Amino acid sequence: MSERIVIDPVTRIEGHLRIECEVDQGKVVKAWSSGTMWRGIELILKDRDPREAWIYTQRICGVCTTVHAIASVRAVENALALEIPLNAQYIRNMLITAHGIFDHIVHFYHLSALDWVDLVSALKGDPRATAALGQKLSGWHRNSYEEIKASQEKLQALVDSGQLGIYGSGYWGHQAMKLAPEVNLLAATHYLQALEYQRSINQVVAILGSKTPHIQNLAVGGVSNPINPNSQSTLTMERLFYIKTLIDEIGAFIHDVYMKDVAAVGAFYADWTGIGAGVTSYLAVPDLPMNSTGTTFDLPGGYIPDGDISKFQEIKSFQDTFFRDGVKEGIKHSYYDGDWTKHPWEEETVPKFTGFQDDGKYSWVKSPTFQGKPAQVGPLANVLCMYAAGHEPTKKYATAMLNAVSSLAGTKVGLGALHSTIGRHAARAIRCALLHDALGRQWQLLIDNIGRGDYATFNPPTFPKGEQRGFGFHEAPRGTLSHWVVIQDGKIKNYQCVVPSTWNAGPRNGDDAMGPYEASLVGTPIADPKKPLEVLRTIHSFDPCLACAIHLVDGDRQEISRVKVL
Ligand code: NFE
Ligand code: MG
């Protein structure tokens, strides 16, 4: 007999997500992904000055704080065919890469590792054996007996205090937890260390963006960082070389800790390379523009239909018509009035809440499609597309990751294993290494350009009479993000954001095809329906952000529902 599992809300994510599954004979047979929170940004933008849209859209999210700012200025610049100075591209690219590194480290260690790592078991690990294991895995200087022992004592003190806090309701001792106590202890030690490293790389964002979360230095037409190597109150060589020390410092953590831990989790949970593939049409956009018009990029992107890498089609520029015409959103199963599938420039947003209906409307998230089909976005899509584009550094890191998993698992693990729950973690670590190399390159490009005497950071925009349409895309940490703007006589007439978590968390589309979260859950084995750890493993592997996925407001301010708050 089948039974229902409802997880509401899913935790260790951003925003409000409800996952409902039907389980039969120990496996998920049906799944629903529902965004239950409702808020507003897109309609607030109507009639505003396009130059300030980025400040508002950035407030969509407190996690991917830079990305909506970046996509927004790109959308308006695209509508105006406005070029931006090279220094502005390089500074934006440094913000993008530093933020991405921070985001990926936080995701693996703090938002998802505890689905795989048992903290209670870590208390039983022998610190000396753990140090020996760590030293076998990598040359990381903080895999020392002293450091591991101190981490274990910290955990033990927490348990002894009886105040477990956020660790109180973990699935400790669950039968799907498979790591030995020493592996758990090593991972728990890195969990604590990762808190320091995510903070240090985020300083790059704070220095260039003036603050984080929510940077302050963007402008339609460039950035507002004044560059003057001889002044104390601008972006100086002293600040830039301090940034370089932060970039250099984090490299060892990414390569010797993050990449190695993901390989170990992949090898010890090798069965999870066969679980959680879901939607295997992948979309990723190119990013890190290398010129002032956005026609060449440091990292490539494109589209892979139905998991077939040989059918990869590249997306080439900020003017790309294959991308521009390929994106649509539908609302057949979403809480909006009607049943349509439209291009973002043509959408109108009229909320209409009906309550959760299995075969009707059941989510505030819309259903995006690319070329008429659901697409998975995120680091896995990004890495597969870069691999398909023949990007050599991607091939190098992907091969290194797969070789590391193969040697630990004692069996050959190929590229096909990436189409899975574990594959999403592996791809995120690979992408993190690529972003780190790119950050170093962008830093060097900026230094060299300043060295040539170019201090320009801004081209002022002018808004002609009449209508202009623009789109801006960005490969955000959770995947492809695009903003779509229609400008009329210098004011915003329509604004739509099609966001990474909207692509992945979307409900069934106009053709009733499941969204990526839903499709990835079907077939997942469930050991104990009362403790659905396996569902969380797959959902967390996408790194959900429902704050991003739903971002509209009811313009009439009607009351939708009332809740009691304790
Ligand atoms: Ni709120 Fe975000 C990213 C964007 S959405 S986290 O990355 O855009 O999924
Ligand atoms: Mg939207």
Side-chain angles (χ1 to χ4, degrees), residues 50-51 53-54 57 67-90 92-93 96 218-223 282-305 312-329 342-347 368-372 375 377 381-382 385-386 388-389 391 442 458-464 466-476 479-488 490 492-500 503:
R51 289 172 300 182
W54 68 272
T57 57
V67 307
H68 294 285
I70 296 276
S72 180
V73 291
R74 285 180 178 172
V76 179
E77 288 157 2
N78 179 265
L80 301 178
L82 181 65
E83 295 188 15
I84 75 161
L86 280 178
N87 288 331
Q89 293 291 37
Y90 301 146
R92 288 182 187 179
N93 291 346
I96 290 168
L218 289 199
V220 170
V223 293
Y282 297 100
L283 176 66
V285 284
D287 214 320
L288 311 182
M290 299 292 274
N291 60 7
S292 57
T293 49
T295 53
T296 60
F297 295 86
D298 196 7
L299 302 177
Y303 178 59
I304 298 170
F312 171 72
Q313 183 161 346
E314 194 164 0
I315 294 168
K316 292 193 172 135
S317 79
F318 281 154
Q319 284 75 38
D320 193 283
T321 52
F322 175 61
F323 179 81
R324 185 194 67 193
D325 300 340
V327 176
K328 294 209 167 54
E329 289 194 294
K342 290 185 181 179
H343 187 273
W345 280 331
E346 312 298 338
E347 282 183 39
T369 49
F370 192 68
Q371 307 297 332
V377 302
N382 193 196
C385 286
M386 290 194 283
H391 187 246
Q442 296 294 327
F458 177 63
N459 292 333
T462 49
F463 291 88
E467 185 187 281
Q468 301 91 39
R469 295 179 166 215
F471 66 106
F473 59 63
H474 166 37
E475 189 63 18
T480 295
L481 166 67
S482 55
H483 283 202
W484 306 76
V485 66
V486 181
I487 302 170
Q488 177 74 46
I492 293 172
K493 189 171 149 197
N494 192 9
Y495 201 102
Q496 294 290 335
C497 312
V498 185
V499 181
W503 285 98

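This is a predicted model, so every value here is computed, not measured. Here, residue 1 is the first one in the sequence, and each next residue gets the next number.
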Taking the side chain as everything from C-beta on, heavy atoms only, tell me whether [X] gets closer than 4.5 Å to [Y].
{"X": "V223", "Y": "L218", "answer": "yes"}
{"X": "Q89", "Y": "I84", "answer": "yes"}
{"X": "F370", "Y": "P305", "answer": "no"}
{"X": "Q442", "Y": "L288", "answer": "yes"}
{"X": "I315", "Y": "L283", "answer": "yes"}

Name all residues meeting the side-chain hydrogen bond (donor to acceptor under 3.5 Å, both in side chains) criterion together with [X]; count only those two or more places apart in sequence or in a different chain, and write none if there are none.
{"X": "D287", "answer": "R74, H474"}
{"X": "S482", "answer": "W484"}
{"X": "E329", "answer": "none"}
{"X": "E467", "answer": "R469, K493"}

CA sep, side-chain torsions, deciding dist, call: R92, V73, side chain to side chain contact (heavy atoms under 4.5 Å, CB included): CA-CA 11 Å; R92 288 182 187 179; V73 291; 3.7 Å; yes
Any idea which heavy atoms bring [X] and [Y] closest together, and the distance?
{"X": "P300", "Y": "N382", "result": "O-ND2, 4.1 Å"}
{"X": "G302", "Y": "C385", "result": "O-SG, 3.4 Å"}
{"X": "M290", "Y": "Y90", "result": "O-OH, 4.3 Å"}
{"X": "P50", "Y": "F463", "result": "CG-CE2, 3.6 Å"}

Salt bridge (charged side-chain N to carboxylate O under 4.0 Å, His left out) partners for D298, two or more places apart: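 For D298, the residues satisfying salt bridge (charged side-chain N to carboxylate O under 4.0 Å, His left out) (neighbours in sequence not counted) are R441.
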State which residues pass side-chain contact (heavy atoms from CB on, under 4.5 Å) with [X]; sequence neighbours excluded, sorted by chain then number.
{"X": "A219", "answer": "F458"}
{"X": "P464", "answer": "L80, Q468"}
{"X": "P85", "answer": "A88, A456, N459"}

Any residue meeting ring pair (Phe, Tyr, Trp, His ring centres under 6.0 Å) with Y495, in chain and number order, not counting sequence neighbours: H483
Return a table of donor-acceptor pairs under 3.5 angstrom between the side chains of residues 319-328 and protein atoms on other chains or two or more places apart.
from: D320; atom 1: OD1; to: F322; atom 2: N; distance (Å): 3.0
from: D320; atom 1: OD1; to: F323; atom 2: N; distance (Å): 2.9
from: D320; atom 1: OD2; to: K316; atom 2: N; distance (Å): 2.8

Evaluation steps, side chain to side chain contact (heavy atoms under 4.5 Å, CB included), between V486 and I492: CA-CA 6 Å; V486 181; I492 293 172; over 6 Å; no
Working for side chain to side chain contact (heavy atoms under 4.5 Å, CB included), residues I96 and N93: CA-CA 5 Å; I96 290 168; N93 291 346; 4.1 Å; yes
